[in-house]
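Only one structure is covered here, and it is reproduced in the block below.
These figures come from a predicted structure and were not determined experimentally. To find a chain, count down the sequence lines: A is the first, B the second, and so on, and within it residues start at 1.
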Protein chains: 2
Amino acid sequence: MSQPFSCSHDQHDHCVDAALTAAERLCREQRLRLTPLRRKILTLIWQSHRPVGAYDLLEILQKEGRAAPPTVYRTLDFLLESGLVHRLATRNAYFGCTRPGQDHAGHVLICESCHVLAEIDSADVVRQIDASADAFGFEVRRQTVEVSGLCPRCRQEADHAC
Amino acid sequence: MSQPFSCSHDQHDHCVDAALTAAERLCREQRLRLTPLRRKILTLIWQSHRPVGAYDLLEILQKEGRAAPPTVYRTLDFLLESGLVHRLATRNAYFGCTRPGQDHAGHVLICESCHVLAEIDSADVVRQIDASADAFGFEVRRQTVEVSGLCPRCRQEADHAC
DNA sequence: AAGTAGTATGTTATAAAGTAACAGAAAGTT
DNA sequence: AACTTTCTGTTACTTTATAACATACTACTT
């Protein structure tokens with residue numbers, strides 16, 4: 001799987017394939033059921049490196065038959081709980097996890113211009129947050145870190161425009 | 001203003017007063033209008049060190065006459081833009097800013113048990129996130145950091161329960 | 001292979017969070 | 001006072017998410 005910020009359209013099938021392979025493996029190992037619906041939704045989420053809204057997913061499903069919100073949300077719940085996707089709180093949207101199975105904080109960078117998202121996995125950030133919390137006597141259970149700004153590609157385009 | 005995690009009920013009026021005084025000063029300096037409605041909502045938000053939902057505020061307003069969502073949201077927009085309150089993305093809720101006027105990232109610790117919230121202002125965390133993003137060539141515009149876990153007080157109670 | 005327990009999905013209705021658009025009121029300016 | 005700008009009221013609506021119950025599928029037991 002290439003880096004989201006440098007993944008081009010013709011490379012992208014690899015990302016989807018890799019994500020599905022990883023999902024199959026994880027579900028086999030943890031005795032979870034990757035049903036057709038779950039596989040479908042996971043695939044849809046991986047169609048781009050952008051977060052996708054629940055109702056976007058619903059709309060796509062509805063083009064191929066009837067579907068209602070709970071179907072989507074239940075499937076998302078499964079994917080979230082099994083760690084195959086994460087939720088982007090600042091945008092009420094969902095995106096595929098790049099390292100399912102591995103315990104990690106799920107910090108992300110998200111581009112305000114093209115909306116491409118990348119998970120960063122900075123142990124330094126995690127530690128620094130833990131340390132800051134610790135100074136308050138606070139016990140950290142979950143870190144939500146969502147950084148918005150400009151991805152390298154959009155930055156370059158912005159420069160050229162000047 | 002005492003630390004949220006150690007602020008007791010009988011100290012708390014100081015927090016509200018301090019917040020209002022700071023708000024008045026900020027609005028005077030920046031030629032913003034702290035109208036009765038805005039002052040009212042800000043006061044309601046400061047009634048506790050917990051984040052408050054927009055519809056909670058609405059419900060309170062409705063006990064003293066008619067009110068509708070846009071009234072609340074517009075007022076929140078003003079308070080957000082002027083930096084007097086922040087929004088907690090992970091909970092769709094709002095809380096008073098402890099250092100309005102000063103430029104800062106607005107990182108928070110929030111207790112899963114008692115829901116008390118504290119702004120942390122760790123320059124180290126900010127720098128570490130900037131550095132991590134920089135390694136990707138990503139230009140940071142906004143950092144959202146929301147850490148959930150157990151505050152010192154609830155931690156102690158959890159210990160006693162054992 | 002039939003029964004059954006558990007898990008997954010379909011379906012209807014509704015809750016919770018947030019916004020658009022226009023009308024009227026208050027404040028600030030000339 | 002006339003005018004402009006800003007603020008608030010009001011109605012209607014959009015978006016996001018969930019509750020509750022019905023049906024279908026899977027996997028295990030015998």
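One can place CG of A/L76 at 14 Å from C1' of C/dT9, the figure rounded to the nearest angstrom. Here D/dT16 presents its C1' atom at 14 Å from CG of A/L88, a figure rounded to the nearest Å. Per the geometry, CZ belonging to A/F78 stands 15 Å off P belonging to D/dT26, to the nearest Å. Going from atom CG of B/L58 over to atom P of D/dT8 covers 15 Å, rounded to whole Å.
The phosphate of C/dG10 has neither OP1 nor OP2 within less than 4.0 Å of any side-chain N or O from A/R66. Of the side-chain N and O atoms in B/T35, one or more sit less than 4.0 angstrom from OP1 or OP2 of D/dT8.
Residues passing the ring-ring contact (aromatic ring centres under 6.0 Å, His included) test with A/F5, sequence neighbours excluded: B/F138. Applying the side-chain contact (heavy atoms from CB on, under 4.5 Å) rule to A/E139 yields the partners A/R141, B/L150, B/R155; only residues at least two apart in sequence or on another chain are considered. In terms of the side-chain contact (heavy atoms from CB on, under 4.5 Å) criterion, residue partners of B/S48 (sequence neighbours excluded) are, by chain and number, B/R50.
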Per-nucleotide protein contact string for nucleotides 17-30 of chain C (B base, S sugar-phosphate only, - none; heavy atom under 4.0 Å): BBBBB-----S---

Using distance only, find each side-chain donor-acceptor pair of residues 63-72 of chain A under 3.5 Å and give its atom names and separation, not counting sequence neighbours.
unit_1	atom_1	unit_2	atom_2	d
A/E64	OE1	A/K40	NZ	3.0
A/E64	OE2	A/K40	NZ	3.1

Could you pull out all donor-acceptor pairs under 3.5 Å where a side-chain atom in residues 122-129 of chain A meets a protein atom, sequence neighbours excluded?
unit_1	atom_1	unit_2	atom_2	d
A/S122	OG	A/D124	N	3.3
A/S122	OG	A/V125	N	3.0
A/S122	OG	B/S132	OG	3.1
A/D124	OD1	A/R127	NH2	2.7

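Among all heavy-atom pairs drawn from A/I120 and B/F136, the shortest one is CG2-CE1, 3.3 Å.
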